[in-house]
Amino acid sequence: MGNESKSNRVFQMLNRMVSEPYYLFHFLTFFSYFVIRSSATHVLAPHLIHNLLRREIQTLLVFAVLAVIKGAKEETWEAFIADALFLAKICLFALAFTMDRRLSVWYILVFLVIHMLTQQPAFQGLGTSSKLTPLQLESLLTEGNTTRLWLVEFCASYSSACIRSSQHFPELSITYSSKNLSFGIVDLGLFPNAAENFGISLSAEVARFPELDFEATFFHNPTITKGLLSRHFELDRHLLEYVNGK
């Protein structure tokens, strides 16, 4: 059952990559390099072709190593794909610059257009968490059961950071939901006016819970993980207390 579930998730991810404009446009842009590369063999000098081939091999090896390093640290497909696409763009720019500087500028413009027109889709599952409107959340806080705890995630549908970690909350809800603890999600992309009421800044990231190091580098940037959330909010303790009837 476990292998079948993983296979279904991989199939669903591949299906989304074909149907979602964000993935489709990126795929077509990367594929265009092979078309241009094939045409270039007829116009470039042999020594330039040889130099380009050597650069392509080097770039492919660097991309593979960095993708493995980043992939080992990421918990979700969304985060891994975001990292892989970022690295692939850098590699593509380097190869295009080697072939023709004008081509590298063309790719920069194409990726800017893709960025403006599309965005990476977030994880679609909810687990056992509930989508809440600001009014529903206020009602729960003022009129709800005082013995019931709510762990609520405020996210923005257009935020890349939220998209990268969009799978964590649903999966945590499946593990830790109980009669004493519920999970909720408020999408500030749909309710931007609610951000001010709950003290959340939509213009710039100023703080996180759990706290993260904003000075970290790209390769050592501490990201939100399920383990970090579980430890910070003591979810194991709440689950044990529920199981023991406390």
Side-chain angles (χ1 to χ4, degrees), residues 6 8-30 66-67 69-90 110-134 151-174 183-192 194-195 198 200-214 216 218-230 232:
K6 290 181 179 179
N8 290 335
R9 289 177 61 182
V10 171
F11 176 78
Q12 292 174 358
M13 176 60 66
L14 293 176
N15 185 53
R16 287 176 62 193
M17 293 181 69
V18 174
S19 59
E20 290 285 350
Y22 178 84
Y23 296 127
L24 180 60
F25 290 159
H26 275 89
F27 172 77
L28 292 176
T29 304
F30 290 126
L66 294 180
I69 293 174
K70 295 297 294 182
K73 296 180 179 180
E74 301 293 1
E75 291 186 336
T76 67
W77 277 103
E78 287 76 17
F80 173 73
I81 291 174
D83 289 337
L85 286 178
F86 176 76
L87 294 172
K89 290 174 184 177
I90 295 177
V110 170
F111 284 126
L112 284 175
V113 172
I114 293 175
H115 177 72
M116 291 186 293
L117 297 180
T118 66
Q119 68 175 21
Q120 183 180 5
F123 180 71
Q124 299 301 313
L126 285 176
T128 60
S129 59
S130 302
K131 277 192 173 182
L132 302 173
T133 66
L151 184 57
V152 179
E153 178 187 39
F154 291 90
C155 61
S157 54
Y158 54 82
S159 168
S160 60
C162 292
I163 291 172
R164 290 171 63 92
S165 60
S166 58
Q167 190 172 336
H168 294 332
F169 220 66
E171 291 187 348
L172 286 172
S173 71
I174 294 174
F183 289 73
I185 298 175
V186 176
D187 188 346
L188 296 178
L190 299 177
F191 307 101
F198 293 97
I200 299 172
S201 171
L202 292 178
S203 58
E205 185 173 355
V206 294
R208 287 192 196 182
F209 295 99
E211 295 182 355
L212 294 180
D213 181 9
F214 287 93
F218 173 74
F219 289 101
H220 298 89
N221 182 30
T223 57
I224 291 292
T225 64
K226 288 183 291 185
L228 182 63
L229 291 171
S230 177
H232 182 81

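For clarity, every value in this text was computed on a predicted model and none was experimentally measured.
Every residue meeting the side chain to side chain contact (heavy atoms under 4.5 Å, CB included) condition with Ser129, not counting sequence neighbours, appears here in chain and number order: Leu126, Ser173, Phe183, Ile185. Under the salt bridge (Lys or Arg N to Asp or Glu O under 4.0 Å) criterion, Lys226 pairs with Glu171, sequence neighbours left out. Residues satisfying the side chain to side chain contact (heavy atoms under 4.5 Å, CB included) criterion with Tyr158, sequence neighbours excluded, are Gln119, Ala156, Leu202.
Minimum heavy-atom separation, Ala79 to Arg164: O-NH1, 3.6 Å. Taking both residues in full, the closest heavy atoms of Gln120 and Tyr22 are given as N-CD1, 3.3 Å, listed atom of the first, atom of the second, then distance. Taking every heavy atom of both residues into account, Gly71 and Phe80 meet most closely at CA-CD1, 3.4 Å. Of all heavy-atom pairs between Glu78 and Pro121, the closest is CG-O, 4.1 Å. Scanning both residues, Ser165 and Ala161, for their nearest heavy atoms gives OG-O, 3.2 Å. Looking at every heavy atom in both residues, Phe169 comes nearest to Val152 through CZ-C, 4.0 Å.
Atom NE2 of His115 sits about 8.0 Å away from atom NZ of Lys89, to the nearest 0.5 Å. For the atom pair NE2 (His26) and OG1 (Thr118), the distance works out to 6.5 Å, reported to the nearest 0.5 Å. The distance from atom NZ of Lys73 to atom OG1 of Thr225, rounded to the nearest 0.5 Å, is 13.0 Å. Here the NZ-CZ distance, from Lys70 to Phe86, works out to 9.5 Å after rounding to the nearest 0.5 Å. A distance of 9.5 Å separates CG in Leu172 from CD in Glu153, rounded to the nearest 0.5 Å. Between the OG1 atom in Thr29 and the CG atom in Leu24 there is a gap of 9.0 Å [rounded to 0.5 Å].
Gln124 places a side-chain N or O within 3.5 Å of a backbone atom of Ala122 that can act as its donor or acceptor partner. Distance alone, capped at 3.5 Å, places no donor-acceptor pair between the Ser230 side chain and the Gly227 backbone.
The 12-atom threshold is not exceeded at CZ of Phe25, counting heavy atoms of other residues, nucleotides or ligands nearer than 6.0 Å.
Under the side chain to side chain contact (heavy atoms under 4.5 Å, CB included) test applied with Phe154, the options Ile200, Leu132, Asp187 reduce to a single match, Ile200.
Taking the six-membered ring wherever Trp is involved, the centroid distance between the rings of Phe123 and His168 does not fall below 6.0 Å.
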